[in-house]
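So that the names make sense, note that chain A is the first sequence line, chain B the second, and so on, each numbered from 1. Hydrogens, waters and symmetry mates are skipped; everything else that's a heavy atom, side chains included, is used.
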There are 2 protein chains.
Amino acid sequence: MKISVVIAEDQSMVLGALAALLEIEHDIRVVGQALNGKEALQLTLQHKPDLLLTDIEMPEMSGLEVAAELKRQGSPTRVIILTTFARSGYLRRALDAGASGYLLKDSPAATLADAIRRVHSGRRVIDPELATEAWTEADPLSDRERQVLRHAAEGATSIEIAATLHLSEGTVRNYLSEAISKLGASNRVEAARIARMKGWL
Amino acid sequence: MKISVVIAEDQSMVLGALAALLEIEHDIRVVGQALNGKEALQLTLQHKPDLLLTDIEMPEMSGLEVAAELKRQGSPTRVIILTTFARSGYLRRALDAGASGYLLKDSPAATLADAIRRVHSGRRVIDPELATEAWTEADPLSDRERQVLRHAAEGATSIEIAATLHLSEGTVRNYLSEAISKLGASNRVEAARIARMKGWL
DNA sequence: TTTTGCGAATGACAATTGTCATGCGGCGAT
DNA sequence: ATCGCCGCATGACAATTGTCATTCGCAAAA
């Protein structure tokens, strides 16, 4: 009895390559390939695979959003996140969304099939690089701070951000100042870099 | 007679998957797999494959630097860049470095083997998405402007950048001002974003 | 009723950013 | 020799950023 898997990955080349990698395994069958989050959700609900292997950053819906929606709908399909992001914010969010596995693209290819088998048998699999507690550092930013910092990270001035978010310029500056302080940065650019690095943005 | 290929890609999972994808092809043989640029150069000089398939962003040396070094040493190995970066600056740099192919990870998996065969038979292969002239827009930044902008993009203040590069603060501000103007941005953050987006940073 | 906490706003001030004009020294071409 | 170009520097000034103190309105809790 083969483990049925749907794969979601927006880079088509990588998607095809991952499918090729798994088709080599005698006990794994790829039943669907999705290029974006919405397609991933559809294929999963349609095929009801044992497992969904998904990237995070994809068009339409992120892999985390798909996992959360499957959880909300009580789907029995288990979710493994396969991502570039070795960042605490993403791991925390993935676990909250009901993911049973979190693997890095930096891991050896040989570990993928094994991870799939383990998650299929009911286990939880976290990439060793992320397994330590230090990687689950709490995100200190409030939603408003995050929102404001996102715009600042693109180069928007405080006035522009204020107009976009229907706030006063002073309030925007206050939120930025608070975010900068919480992240131990010395300006908005550095704050954005730190938050991005930790998966909080 | 199989086409021999070395693959270079710093994400181990993707590397293994690409190798699996190519090993399916009856006329292609993967003779080496490298996790960084230096290893890619070593394996290529050692195995003298028909082709090197390489990513751009890798530790030790970038794929572009490897291509340039192979060109400098007169190596007959042809280079295909396989990358996320659909940006004019990178395409131009890749061609300058002697690459015979430039493919996007967004391309369908089925196109990879075909591209390898075409490059092997002496053709040049550019991903259709990049084939139009608009994508070879010239980089307007001087080396100094780029250098200064890189530091600014990390959050460094003008004074910090000046100390790092042994310039005066005013000179740093002049270079940034010039870069901002050339890129049509309104501040350093936006300038950095634009330059990064176009592959100029 | 009063008290507390929260999100948002205002205002003052110092520091930093971005623009622009100008000048200097070095180098290569004429 | 002069001229033009380039990289770098200085200085002035306005705009923006970041910090901090304070206040307001609203809702929930006591």
Side-chain angles (χ1 to χ4, degrees), chain A residues 89 92-93 96 137-201, chain B residues 68 88-89 92-93 96 137-201:
Chain A
R92 177 173 288 258
R93 280 199 264 164
D96 288 346
E137 183 181 355
D139 177 357
L141 300 179
S142 72
D143 285 343
R144 209 56 156 167
E145 284 158 4
R146 182 177 297 103
Q147 203 174 19
V148 166
L149 190 56
R150 273 207 186 104
H151 287 280
E154 301 296 309
T157 60
S158 299
I159 291 186
E160 287 166 347
I161 298 170
T164 300
L165 300 180
H166 307 296
L167 300 172
S168 77
E169 186 203 340
T171 300
V172 168
R173 285 198 266 150
N174 284 334
Y175 281 129
L176 281 174
S177 182
E178 189 65 24
I180 288 166
S181 174
K182 284 179 176 178
L183 296 171
S186 55
N187 55 57
R188 61 179 64 187
V189 185
E190 195 179 20
R193 176 172 60 82
I194 290 168
R196 196 181 298 123
M197 184 185 74
K198 295 199 187 226
W200 296 332
L201 211 58
Chain B
S88 60
R92 175 173 289 257
R93 279 200 265 165
D96 288 346
E137 184 181 353
D139 178 358
L141 300 178
S142 73
D143 286 342
R144 207 59 155 166
E145 285 158 5
R146 182 179 295 99
Q147 202 173 21
V148 166
L149 190 57
R150 274 208 185 103
H151 287 279
E154 301 296 312
T157 61
S158 299
I159 291 186
E160 287 166 348
I161 298 170
T164 299
L165 301 182
H166 307 298
L167 299 171
S168 78
E169 186 205 340
T171 300
V172 168
R173 285 197 267 149
N174 283 335
Y175 281 129
L176 281 174
S177 181
E178 190 64 27
I180 288 165
S181 174
K182 283 179 178 178
L183 296 171
S186 56
N187 55 59
R188 63 179 61 187
V189 185
E190 196 179 18
R193 177 172 60 81
I194 290 168
R196 195 181 299 121
M197 183 186 73
K198 295 198 187 228
W200 295 331
L201 210 60

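Contacts between residues 141-149 of chain B and DNA chain D, counted as heavy-atom distances below 4.0 Å, involve B/Arg144. Within residues 186-194 of chain A, the residues approached by DNA chain D to less than 4.0 Å at the level of any non-hydrogen atom are A/Asn187, A/Arg188, in residue-number order. Contact check of residues 151-159 of chain A against DNA chain D (heavy atom, cut-off under 4.0 Å) returns A/Thr157, A/Ser158.
With sequence neighbours left out, A/Thr164 forms a side-chain hydrogen bond (donor to acceptor under 3.5 Å, both in side chains) with no residue at all. Evaluation of the side-chain hydrogen bond (donor to acceptor under 3.5 Å, both in side chains) rule for B/Ser186 yields B/Glu190 as partners, not counting sequence neighbours. With sequence neighbours left out, the side-chain contact (heavy atoms from CB on, under 4.5 Å) criterion links B/Asp139 to B/Leu141, B/Arg146, B/Trp200. With sequence neighbours excluded, the residues that form a side-chain hydrogen bond (donor to acceptor under 3.5 Å, both in side chains) with B/Gln147 are B/Arg144. For B/Asp96, there are no side-chain hydrogen bond (donor to acceptor under 3.5 Å, both in side chains) partners, not counting sequence neighbours. In this structure B/Ser177 satisfies the side-chain contact (heavy atoms from CB on, under 4.5 Å) test with no other residue, sequence neighbours excluded. Every residue two or more places apart in sequence or in another chain that forms a side-chain contact (heavy atoms from CB on, under 4.5 Å) with A/Thr157 is listed here: A/Ile159, A/Glu160, B/Asn187.
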Protein heavy-atom contacts under 4.0 Å, written 5' to 3' over nucleotides 23-28 of chain D as B (base), S (sugar-phosphate only) or - (none), form the string ------

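The CD-C1' distance, from B/Glu178 to C/dC20, rounds to 11 Å in whole Å.
Considering only side-chain atoms of B/Asn174, the nucleotide from C/dA9, D/dT19, D/dT10 that sits closest is D/dT10.
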Would you mind writing out the side-chain donor-acceptor pairs for residues 148-156 of chain B within the sub-3.5 Å range, not counting sequence neighbours?
| from | atom 1 | to | atom 2 | distance (Å) |
| --- | --- | --- | --- | --- |
| B/Arg150 | NH2 | B/Leu201 | O | 3.0 |
| B/Glu154 | OE1 | A/Arg193 | NE | 3.4 |

